[in-house]
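The next block holds one structure in the form of structure tokens; read it before the comments.
As the structure lists them, so they are numbered: ligands from 1, and atoms in each ligand from 1.
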Amino acid sequence: MMRKKIVAGNWKMNLSLQEGVSLFSEIANMVKDEVRGEQEIIVCSSFIHLASLSNYSKSQNNIHIGAQNLSHEENGAFTGEISALQIRSTGASHAIIGHSERRAIFGESNELLSQKVNKAIEHGLTPIFCIGETQEERESGSFFEVLKEQLKKGVFHLSAQDFSKIILAYEPVWAIGTGLTASPDQAQEVHAFIREEIVNQYNQEVADSISILYGGSCNPGNAGELFAKDDIDGGLIGGASLKSRDFLDIINVFNV
Ligand code: PGA
């Protein structure tokens with residue numbers, strides 16, 4: 001089965017509403033003019049942007065809108081939280097779950113993340129589920145175990161049918177926002193490992209259908225070599241997704 005090629009932007013906690021709408025309209029116009037391929041484009045913004053961006057993206061069906069988090073609860077007395085249903089009601093279709101900043105800064109555990117994954121799927125939101133090791137875990141050589149645990153506790157409880165709906169992102173923590181990128185070989189090694197774990201847990205067909213994105217200081221200069229690897233199906237882009245030219249150049253890596 002042909003896996004989807006995907007480039008997802010993660011704007012993190014940046015941009016006012018007006019700035020977000022203006023960056024998005026710039027990106028949408030550039031996509032219209034320059035992107036001819038089949039790749040899927042996702043922009044993950046702060047909650048405050050979602051409704052405006054979804055409205056804007058309606059006319060362009062190759063750009064999808066995503067949140068960066070969601071509540072594991074359905075609804076009710078959870079002041080400050082945002083539910084899957086609320087996200088869906090804006091027109092957004094995706095949600096990043098388990099980003100390393102959520103895990104490290106906000107203490108989100110594998111167990112909590114698995115509940116968020118369930119909520120997203122229950123309400124028809126596609127999870128972009130992130131896993132990744134720290135520098136220390138990379139250096140000690142324990143990173144395969146760490147990644148395996150994150151998969152096992154976060155998403156491997158899903159049925160094959162539900163698992164097939166998710167997107168995975170490998171984001172080595174030491175590469176996020178640091179300017180350090182995993183080498184194409186390092187990234188490929190982990191992506192192949194993840195796919196093998198999916199074969200073991202489910203089967204080859206499921207493993208072959210799942211898009212696994214690389215994230216961590218991805219830019220127009222290194223995306224080509226990374227995305228050329230067999231098991232790398234695109235990228236989750238932080239810093240470079242805030243610059244329309246860079247984001248477009250990364251998207252167009254698939255068209256050269
Ligand atoms: P970066 O962030 O591209 O700025 O390293 C990636 C991410 O955190 O998703």
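Residues passing the ring pair (Phe, Tyr, Trp, His ring centres under 6.0 Å) test with His99, sequence neighbours excluded: none. Not counting sequence neighbours, the partners of Phe24 by the ring pair (Phe, Tyr, Trp, His ring centres under 6.0 Å) test are Tyr56. Listed by chain and residue number, Phe156, Tyr202 satisfy the ring pair (Phe, Tyr, Trp, His ring centres under 6.0 Å) test with Phe163 (two or more places apart in sequence, or in another chain).
Within a 6.0 Å radius of CD in Glu73, more than 12 heavy atoms belonging to other residues, nucleotides or ligands are found.
Looking at Lys5 and Glu38, no side-chain N of the basic residue comes within less than 4.0 Å of a carboxylate O on the acidic one, giving no salt bridge. The pair Glu108-Arg102 counts as a salt bridge, with a side-chain nitrogen and a carboxylate oxygen less than 4.0 angstrom apart.
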Show the short N or O contacts, below 3.5 Å, that ligand 1 makes with protein N or O atoms; if there are none, say 'none'.
from	atom 1	to	atom 2	distance (Å)
ligand 1	2 (O)	Lys12	NZ	3.4
ligand 1	3 (O)	Ser217	N	3.4
ligand 1	3 (O)	Gly238	N	2.9
ligand 1	4 (O)	Gly239	N	2.8
ligand 1	5 (O)	Gly177	N	2.6
ligand 1	5 (O)	Ser217	N	2.7
ligand 1	8 (O)	Lys12	NZ	2.7
ligand 1	8 (O)	His99	NE2	2.6
ligand 1	9 (O)	Asn10	ND2	3.4
ligand 1	9 (O)	His99	NE2	3.3
ligand 1	9 (O)	Glu171	OE1	3.3
ligand 1	9 (O)	Glu171	OE2	2.7

